[in-house]
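Comments concern the structure below.
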Amino acid sequence: MTAVSSLKGSDQGRSGSNIFVLTGAGVSAESGLGTFRDRDGVWTKYDLNDVATPQGFARDPDRVRAFYNARRANLAGAAPNAAHFALARLQREMSARGGSVMICTQNVDGLHEQGGAVEVVHMHGQLLVTRCQACQATWPDRQAMRADTVCGACGRTATARPHVVWFGETPLFMERIVDAVEAADLFVAIGTSGSVYPAAGFVAQARDLGIRTCEINLQPSDNARAFDERLYGPASEVVPQWVETVLAV
Ligand code: OAD
């Protein structure tokens with residue numbers, strides 16, 4: 001039995017018409033993509049300073065490209081799970097009722113769209129997009145990035161990097177995200193440890209505005225106490241059950 005049973009009394013099934021959903025690595029864990037901070041997480045095997053900072057890229061671009069090329073290879077074998085499909089359904093059905101669901105993801109994997117979601121804000125970028133570090137041109141790319149990858153816009157080589165936000169860089173679409181949080185009547189965080197800002201601060205912003213908040217995670221996150229409702233268990237089970245309760249209203 002998952003922790004959906006922890007939904008209590010009058011909270012059960014109550015929903016907003018404008019829902020802001022923040023997702024993290026936990027929503028893709030059951031698709032076979034590792035999380036970052038769990039046991040065996042990516043940051044237990046790699047030093048993020050080496051592979052996820054501009055300084056790490058400047059020191060050793062080949063190491064950084066190899067790290068993200070391996071993640072591209074992993075992603076090639078991954079498929080959306082029931083949590084991705086349920087969120088896409090929530091988006092469709094709320095939209096048909098005149099509401100909205102913004103899915104704002106810290107994930108770079110694209111599995112929300114593969115699961116049918118249509119409006120997804122990729123605040124940490126996208127793994128299957130390459131960016132030229134020199135001219136900032138971006139292009140869709142499933143291949144391995146190499147030192148001799150040529151930028152189609154400026155013609156340089158040795159500048160290819162993933163279009164992924166690194167530590168020390170500013171997440172994308174922040175203005176749009178802040179506006180969407182302010183417009184929401186329900187804020188839901190799914191599968192995120194609540195340890196990386198600014199995303200980890202969105203729940204406080206929502207609470208300050210009196211917006212109801214809900215956490216869905218395998219276990220209490222660092223921010224657990226900031227949430228009005230807390231549902232614990234695997235995303236592939238808890239998210240579809242939660243979506244049912246929201247749509248049942
Ligand atoms: P984390 O690895 O920090 O947290 C993943 C969360 O998902 C944890 O709280 C787990 O308990 C939970 N989890 C694991 N498996 C789950 C499952 N099956 N169902 C539900 N929850 C599960 O990942 P994020 O919070 O996404 O940034 O990390 C945020 C950012 O830090 C990432 O976007 C990435 C990383 O460094 C960059 O690389 C810039």
Side-chain angles (χ1 to χ4, degrees), residues 2-4 6 21-57 64 67-68 70-72 74-75 78-87 103-112 115 120-129 131 161-174 177 188-203 214-227 230-243:
T2 61
V4 161
S6 70
V21 178
L22 172 70
T23 65
V27 84
S28 294
E30 292 160 86
S31 293
L33 302 178
T35 61
F36 293 94
R37 294 173 184 78
D38 292 309
R39 198 186 321 170
D40 291 334
V42 174
W43 298 148
T44 66
K45 297 172 193 147
Y46 295 88
D47 184 339
L48 65 84
N49 294 296
D50 288 337
V51 296
T53 62
Q55 294 81 3
F57 185 68
V64 174
F67 172 77
Y68 286 98
R71 297 191 67 203
R72 282 186 179 178
N74 270 350
L75 181 55
N81 66 55
H84 298 105
F85 290 120
L87 289 173
I103 299 174
C104 172
T105 188
Q106 298 165 88
N107 300 342
V108 296
D109 55 38
L111 292 184
H112 284 301
V120 181
V121 175
H122 290 272
M123 66 177 293
H124 287 172
Q126 291 173 275
L127 183 59
L128 297 182
V129 175
R131 190 196 319 162
R161 60 165 282 183
H163 184 45
V164 164
V165 175
W166 287 329
F167 291 91
E169 297 181 327
T170 306
L172 308 172
F173 311 113
M174 283 305 297
I177 291 167
V188 187
I190 304 175
T192 180
S193 59
S195 49
V196 176
Y197 286 79
F202 295 165
V203 63
C214 173
E215 160 164 284
I216 300 176
N217 208 33
L218 205 49
Q219 62 206 17
S221 73
D222 293 356
N223 276 336
R225 268 183 276 173
F227 292 91
R230 304 167 209 177
L231 311 176
Y232 297 118
S236 68
E237 295 174 26
V238 181
V239 174
Q241 292 173 44
W242 170 76
V243 166

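First listed ligand is number 1; within each ligand, the first listed atom is number 1.
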I'd like a table of donor-acceptor pairs (distance under 3.5 Å, sequence neighbours excluded) in which one partner is a side-chain atom from residues 188-201, with atom names and distances.
from, atom 1, to, atom 2, distance (Å)
Thr192, OG1, Gln106, NE2, 2.9
Ser193, OG, Ser195, OG, 2.7

Identify every side-chain donor-acceptor pair in residues 164-173 under 3.5 Å, counting partners at least two apart or on other chains, and give the distances.
from, atom 1, to, atom 2, distance (Å)
Trp166, NE1, Tyr68, OH, 3.0
Glu169, OE1, Arg161, NH2, 3.0
Glu169, OE1, Trp166, N, 2.8
Glu169, OE2, Arg161, NH1, 2.8

> Between Pro240 and Ala235, what is the shortest heavy-atom contact and its length?
Replying inline: CD-O, 3.4 Å
> Is there a donor in the side chain of Thr105 and an acceptor in the side chain of His122, or the other way round, less than 3.5 Å apart?
Replying inline: no
> ligand 1: which residues have a non-hydrogen atom closer than 4.0 Å?
Replying inline: Gly24, Ala25, Gly26, Ala29, Glu30, Thr35, Phe36, Arg37, Asp38, Trp43, Gln106, His124, Val165, Phe167, Gly191, Thr192, Ser193, Val196, Asn217, Leu218, Gln219, Gly233, Pro234, Ala235
>> Pairing donors with acceptors under 3.5 angstrom, does anything connect the side chains of Asp109 and Ser28?
In response: yes
>> My understanding is that only residues two or more places apart in sequence, or in another chain, count here; which of them pass side chain to side chain contact (heavy atoms under 4.5 Å, CB included) with Val42?
In response: Phe36, Tyr46, Phe67
